[in-house]
Visitor: 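Take a look at this one; I'll ask things after.
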Number of protein chains: 2
Amino acid sequence: MSSTRDQIIETTCILLEAQGYHATGLNQIIAKSGSPKGSLYYYFPQGKEELTAEAIARSGRIVERNIRAGLANNKEPAEAIANFVRSIAQAVESSSFSAGGPLTTVALETVNSSERLNLVCREAYGWLRDAFAEKLVAGGYTPERATRLATFIVSVIEGGIILSRTNHSGDPLRHVADELGDYLRAASNTETRVQ
Amino acid sequence: MSSTRDQIIETTCILLEAQGYHATGLNQIIAKSGSPKGSLYYYFPQGKEELTAEAIARSGRIVERNIRAGLANNKEPAEAIANFVRSIAQAVESSSFSAGGPLTTVALETVNSSERLNLVCREAYGWLRDAFAEKLVAGGYTPERATRLATFIVSVIEGGIILSRTNHSGDPLRHVADELGDYLRAASNTETRVQ
């Protein structure tokens, strides 16, 4: 894969995460990525929508990998997930609140305005949900219960990121981590778990 | 209060919710609200940022009122909150997924680009959190515990709205409602509750 193409996509991921789809212009992507203008149209002949679809898919895969890697650090789903959310709080703080939830702004901006971008956002959120669900299944939950819980987990993390970024503080995400850990520990003691 | 001014703010609320800050132009607001261009600058001499700050504050107060009204339908916080989230699922579906979370897109778009808009989003999320927290306190939780739980509740609702809008389905919010109801019922049986 071309490193110029990669560089364009990576720059686009960062800008979309920090400011959203509509605020991100092709000229800004060219300037920040240090690529010649011709290369952007060479690699992405359909322009901004095509490039954004690639960037969202890449961001989704990166987040999915981060979830799987983070959750592998603890055998117990409740601890693993709570600790993973705490690590997001730190990452959001380290980015000065410009990073976290790389799909969210684009997802909301394009719900009804771009079918292509809506579908890629939908697919990417599915990858995140499935990464959590697999951890829960490995921890003894039924697949159906795990999928529902994973939807809840993705929701609360997305919302916690919004509150942490808006409040310029990792605290909302840390509260979310504590509550989510409590909930999952309680859930693991009920009959909904297989083992 | 002038009805022209009101109409401009209401139109702005709808457009911000459906498409975000950067996609919403003053010309679109003028066209959709049916107001003469001069009136927009008459009422909002500082332009789009000033108008958006007013619109976000208005949306925040409307959501806060809806939360309080919705939660008043059940005495028990767990039932009241789960049913309120189910009503959001219906509202998001009825809007064809263009409505729900009127603060979110603007909040994320302006985290670091507009201090004025960041502060009004932060304040508005605080109103929503406090509306949930007061219901929890009335249900017997300590104020400190209620505030933390309310942060969790706002997070999961915000995230559930994102997933429901992106997936063009109320189901993620209905899953969230079920899980949240379970969690709050479990929490109300622990020593963290006063009564």
Visitor: Please flag which part of Tyr125(A) lies under 4.5 Å from any non-hydrogen atom of chain B: side chain, backbone, both or neither.
Guide: side chain
Visitor: If you define the side chain from C-beta out and look only at heavy atoms, does anything of Asn112(B) sit under 4.5 Å from His168(A)?
Guide: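 Yes. Closest side-chain heavy atoms under 4.5 Å.
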Visitor: So does Gln90(B) have more than 12 non-hydrogen atoms from other groups sitting under 6.0 Å from CD?
Guide: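 No, not enclosed.
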Visitor: Between Ser113(B) and chain A, which part of the residue has a heavy atom less than 4.5 Å away: side chain, backbone, both or neither?
Guide: neither
Visitor: Flag the one option from Ala18(A), Ala23(A), Ser98(A), Ala107(A) with the top tally of heavy-atom pairs under 4.5 Å to chain B.
Guide: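 Heavy-atom pairs under 4.5 Å are most numerous for Ala23(A).
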Visitor: What's the spacing between Cys121(B) SG and Arg165(A) CZ if we round to 0.5 Å?
Guide: 12.0 Å
Visitor: With only heavy atoms counted, which part of Thr110(A) is less than 4.5 Å from chain B, the side chain, the backbone, both or neither?
Guide: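 Interface part for Thr110(A): neither.
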Visitor: With heavy-atom distances below 4.5 Å as the criterion, would you say the side chains of Phe152(B) and Asp178(A) are in contact?
Guide: no
Visitor: Report the option among Gly159(B), Gly126(B), Ser164(B) that has the most heavy-atom pairs separated by less than 4.5 Å from atoms of chain A.
Guide: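 Among Gly159(B), Gly126(B), Ser164(B), the one with the most close pairs to chain A is Gly159(B).
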Visitor: Heavy-atom pairs under 4.5 Å with chain A - which of Asn118(B), Asp171(B), Asp182(B) has more of them than the others?
Guide: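 Option with the greatest count: Asn118(B).
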Visitor: Heavy-atom distance under 4.5 Å between the side chains of Gln19(B) and Glu109(A), does that happen here?
Guide: no
Visitor: May I ask you to decide if Thr166(B)'s main-chain N or O and Arg122(A)'s side chain share a donor-acceptor pair within less than 3.5 Å?
Guide: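 It does hold such a pair.
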Visitor: With a sphere of 6.0 Å drawn around NZ of Lys32(B), does it hold more than 12 non-hydrogen atoms of other residues, nucleotides or ligands?
Guide: no
Visitor: Without swapping roles, check the side chain of Tyr183(B) against the backbone of Glu179(A) for a donor-acceptor pair under 3.5 Å.
Guide: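 Yes; judged by distance alone, with no hydrogens or angles, the pair exists.
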Visitor: With chain A, which of Glu158(B), His22(B), Glu17(B) has the greatest number of heavy-atom pairs at distances under 4.5 Å?
Guide: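 Of the candidates given, the most pairs with chain A belong to His22(B).
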Visitor: For Leu149(A), which atoms come within 4.5 Å of any heavy atom of chain B: side chain, backbone, both, or neither?
Guide: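 Contact with chain B is through both the backbone and side chain of Leu149(A).
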Visitor: Out of Val176(B), Ile161(B), Leu163(B), return the one with the most heavy atom pairs under 4.5 angstrom to chain A.
Guide: Leu163(B)
